[in-house]
Amino acid sequence: MDIIGFKEKMKEFNISFDDVLVHSGYLINLATPNDENWEKSINLMKEEIRITSLLGIKYFNVHPGSHLGEGDEFGYDRIAKALDIILEEVNNLGVNILLENVAKKGGNIGWKMEQLGEIIKRSNFSGKLGITYDTCHGFDSNYDIRDRDDVRRLLDEIDKYIGLEKFKMIHLNDSKFSLGAGKDRHEFIGKGEIGIKGFETFLSFDEIIKLPMHLETPGDDTEHAEDIKVIKRIFSNIYI
Ligand code: MN
Ligand code: MN
Ligand code: ZN
């Protein structure tokens with residue numbers, strides 16, 4: 001019943017199933033050195049992907065995980081192995097997994113495009129994997145999208161390490177903290193350190209503007225409606 005209701009709402013609001021994703025639960029850590037938690041993460045993710053498929057959604061977004069001190073090399077292999085175990089079972093359900101870039105903090109893997117690429121390369125199911133770019137997490141990790149050259153550098157890194165065809169979604173968030181802070185605190189669009197000018201720069205690239213974008217800014221419907229207004233104003237400034 002919930003599934004039918006969901007699909008009806010998607011139709012009612014004219015939202016394409018190509019433009020949405022399911023975000024994994026936050027307890028999942030595919031990089032953990034703890035075997036019990038690793039297996040639990042794998043099993044929970046399989047279950048979440050089955051639900052994603054039942055809803056007719058094609059993309060499942062997950063943070064690569066934290067190696068909790070074991071180092072990046074350990075993390076890449078641990079995550080790739082987990083993804084393979086998961087996809088061996090659910091790869092026929094029509095769901096693609098998107099690895100989201102995360103804030104540079106703790107043992108987080110995936111704050112650099114090169115790291116996301118390393119995971120994808122080590123998986124046997126690289127064809128089912130892509131990436132999501134979160135502007136707040138990227139800003140936390142020294143990708144300064146207020147600067148045209150830095151946006152170019154970001155796109156070049158994605159092209160080099162991952163492939164632009166695997167770049168599928170954007171999480172559009174401003175950042176409460178300054179460049180490289182690694183704090184992961186989202187802010188309303190234009191009210192944070194990226195700012196209106198920053199988003200004008202970021203959104204003026206063809207490779208970015210063609211992608212589906214999701215807000216993960218604070219607040220609820222009222223605040224999000226305001227964020228959408230701000231974004232539309234930014235678009236009208238760029239594309240007159
Ligand atoms: Mn996320
Ligand atoms: Mn995000
Ligand atoms: Zn975040």
Side-chain angles (χ1 to χ4, degrees), residues 19-32 41 44-45 47-49 51-52 55 57-68 75 79 82-83 86 95-113 115-117 119-120 129-146 151 154-155 157-158 162 166-195 198-199 202-203 208-209 211-220 223-224 227-228 230-231:
D19 293 346
V20 297
L21 54 73
V22 165
H23 199 303
S24 81
Y26 287 99
L27 288 174
I28 289 176
N29 181 3
L30 302 178
T32 177
S41 294
L44 179 57
M45 191 158 143
E47 203 45 46
E48 290 182 343
I49 288 177
I51 296 166
T52 304
L55 290 169
I57 294 176
K58 297 168 187 163
Y59 294 105
F60 182 83
N61 181 99
V62 66
H63 299 183
S66 170
H67 57 63
L68 304 174
I79 297 163
L83 291 172
I86 291 163
V95 177
N96 297 289
I97 295 173
L98 300 182
L99 302 172
E100 177 178 0
N101 70 311
V102 287
K104 184 186 181 187
K105 67 175 189 183
N108 270 355
I109 298 173
W111 57 270
K112 243 195 315 195
M113 298 305 110
Q115 297 176 326
L116 296 177
I119 297 163
I120 293 171
L129 303 174
I131 67 154
T132 299
Y133 187 78
D134 184 308
T135 54
C136 173
H137 301 170
F139 196 73
D140 265 316
S141 313
N142 268 314
Y143 288 98
D144 189 356
I145 56 167
R146 300 169 300 186
V151 181
L154 167 66
L155 292 170
E157 282 186 20
I158 293 174
I162 298 159
K166 287 187 175 295
F167 185 17
K168 299 293 188 190
M169 302 260 178
I170 304 273
H171 287 175
L172 207 63
N173 305 307
D174 211 329
S175 171
K176 268 198 208 315
F177 287 90
S178 58
L179 184 70
K183 299 269 198 197
D184 192 1
R185 288 287 175 275
H186 302 191
E187 181 55 285
F188 303 114
I189 302 297
K191 297 262 166 69
E193 294 285 328
I194 297 173
F199 283 105
F202 182 66
L203 296 172
I208 287 160
I209 200 71
L211 299 175
M213 295 180 193
H214 305 144
L215 285 170
E216 297 174 313
T217 45
D220 218 323
E223 289 85 354
H224 293 148
D227 274 329
I228 290 169
V230 172
I231 293 162

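Positions are given from 1, in the same order as the sequence printed here. Order of listing sets the numbers, starting from 1, for every ligand and every atom in it.
By the salt bridge (Lys or Arg N to Asp or Glu O under 4.0 Å) test, E223 pairs with no residue at all, sequence neighbours left out.
Side chains of E100 and Y133: a donor-acceptor N/O pair is absent below 3.5 angstrom, by distance only. Under the 3.5 Å distance criterion, with hydrogens and angles disregarded, no donor-acceptor pair is assigned to the side chains of S66 and N108. If you check the side chains of D174 and H186, you find no donor sitting under 3.5 Å from an acceptor.
At a threshold of 4.5 Å between non-hydrogen side-chain atoms, the residues V20 and P212 do not count as touching.
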Show me the donor-acceptor pairs within less than 3.5 Å that the side chains of residues 213-220 make with the rest of the protein, sequence neighbours left out.
{"residue": "H214", "atom": "NE2", "partner": "D19", "partner atom": "O", "Å": "2.8"}
{"residue": "E216", "atom": "OE1", "partner": "H171", "partner atom": "ND1", "Å": "3.0"}
{"residue": "E216", "atom": "OE1", "partner": "N173", "partner atom": "ND2", "Å": "3.1"}
{"residue": "E216", "atom": "OE2", "partner": "H171", "partner atom": "ND1", "Å": "3.3"}
{"residue": "T217", "atom": "OG1", "partner": "D227", "partner atom": "OD2", "Å": "2.6"}

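If you count the protein N, O or S atoms nearer to the Zn ion (ligand 3) than 2.8 Å, you get 3. Protein N/O/S atoms nearer than 2.8 Å to the Mn ion (ligand 1) total 3.
A side chain to side chain contact (heavy atoms under 4.5 Å, CB included) with I208 holds for exactly one of V151, T135, I145, L172; it is V151. Just one of I120, I158, N96, L116 meets the side chain to side chain contact (heavy atoms under 4.5 Å, CB included) condition when paired with K166; it is I120.
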Please step through side chain to side chain contact (heavy atoms under 4.5 Å, CB included) for the pair V22 and I51, ending with a clear verdict. CA-CA 9 Å; V22 165; I51 296 166; over 6 Å; no
